[in-house]
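These notes concern the structure reproduced below.
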Amino acid sequence: MNLYKISQTINQNWDTFDSAVVIAKSADEARKIIPSFDGGVGENGDYECWSRPDNVKVELIGVVDGDYLVNMHGKVNVISSFNAG
């Protein structure tokens, strides 16, 4: 599994996420992750606080050790930046 920084600059209103660090198998999978407050992922298609996948920038920042992933179900929102309004 890889560690990716995902970010978007399309939806810059209040109460939106602008970036997150996520764990995913591929850049394509990371691009589809929607940040959430509980460390999981948002509902697929819920773009009110995020952006559509084609507007998401993805940067590989590292590789995650398998032991860390035991309870993470393949991908997880590690940390995110939220613009509260």
Side-chain angles (χ1 to χ4, degrees):
M1 290 291 203
N2 297 313
L3 196 60
Y4 294 96
K5 177 185 177 192
I6 57 174
S7 59
Q8 61 87 21
T9 58
I10 299 297
N11 189 356
Q12 293 294 306
N13 297 321
W14 293 113
D15 298 332
T16 61
F17 291 94
D18 58 56
S19 60
V21 173
V22 298
I23 297 171
K25 294 178 184 176
S26 67
D28 187 53
E29 184 178 286
R31 181 173 280 109
K32 295 175 184 173
I33 293 174
I34 300 172
S36 70
F37 293 109
D38 65 2
V41 295
E43 292 295 317
N44 190 15
D46 178 14
Y47 303 118
E48 184 175 323
C49 295
W50 187 234
S51 182
R52 300 183 64 75
D54 53 333
N55 296 320
V56 175
K57 179 180 178 184
V58 180
E59 301 171 70
L60 176 64
I61 57 175
V63 177
V64 179
D65 183 282
D67 291 339
Y68 182 77
L69 298 172
V70 171
N71 295 315
M72 299 302 172
H73 305 292
K75 60 185 173 187
V76 65
N77 180 50
V78 177
I79 191 167
S80 56
S81 173
F82 185 76
N83 306 299

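Note: hydrogens, waters and symmetry copies are ignored here, and every other heavy atom, side chains too, is used.
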Worked check of side chain to side chain contact (heavy atoms under 4.5 Å, CB included) between Met1 and Lys25:
CA-CA 5 Å; Met1 290 291 203; Lys25 294 178 184 176; 3.3 Å; yes
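No donor-acceptor distance shorter than 3.5 angstrom exists from the side chain of Asn77 to the backbone of Pro35, with no hydrogens or angles considered. Remark: side-chain polar atoms of Gln12 are not paired, donor with acceptor, to backbone N or O of Asp18 under 3.5 angstrom.
Shortest non-hydrogen contact noted between Lys5 and Ser19 is CE-CB, 4.2 Å. Of all heavy-atom pairs between Ala30 and Ala24, the closest is N-CB, 3.7 Å.
To the nearest 0.5 angstrom, Asn55 atom CG is 10.0 Å from Arg31 atom CZ. Interatomic distance, Thr16 OG1 to Trp50 CH2, rounded to the nearest 0.5 Å: 9.0 Å.
Residues Val58 and Leu60 share a single hydrophobic cluster, defined by chaining ILVMFWY side chains whose heavy atoms lie under 4.5 Å apart. Hydrophobic clustering (side-chain heavy atoms under 4.5 Å, transitive across Ile, Leu, Val, Met, Phe, Trp, Tyr) keeps Ile10 apart from Phe17. Residue Ile61 is grouped with residue Ile23 when hydrophobic side chains (ILVMFWY) are merged at heavy-atom distances under 4.5 angstrom, including chains of intermediate members.
In summary, of the residues considered (Ile34, Asn2, Val78, Ile33), a side chain to side chain contact (heavy atoms under 4.5 Å, CB included) with Val22 occurs for Ile33 alone.
Remark: the Asn11 side chain and the Ser51 side chain contain no N/O donor-acceptor pair separated by less than 3.5 Å.
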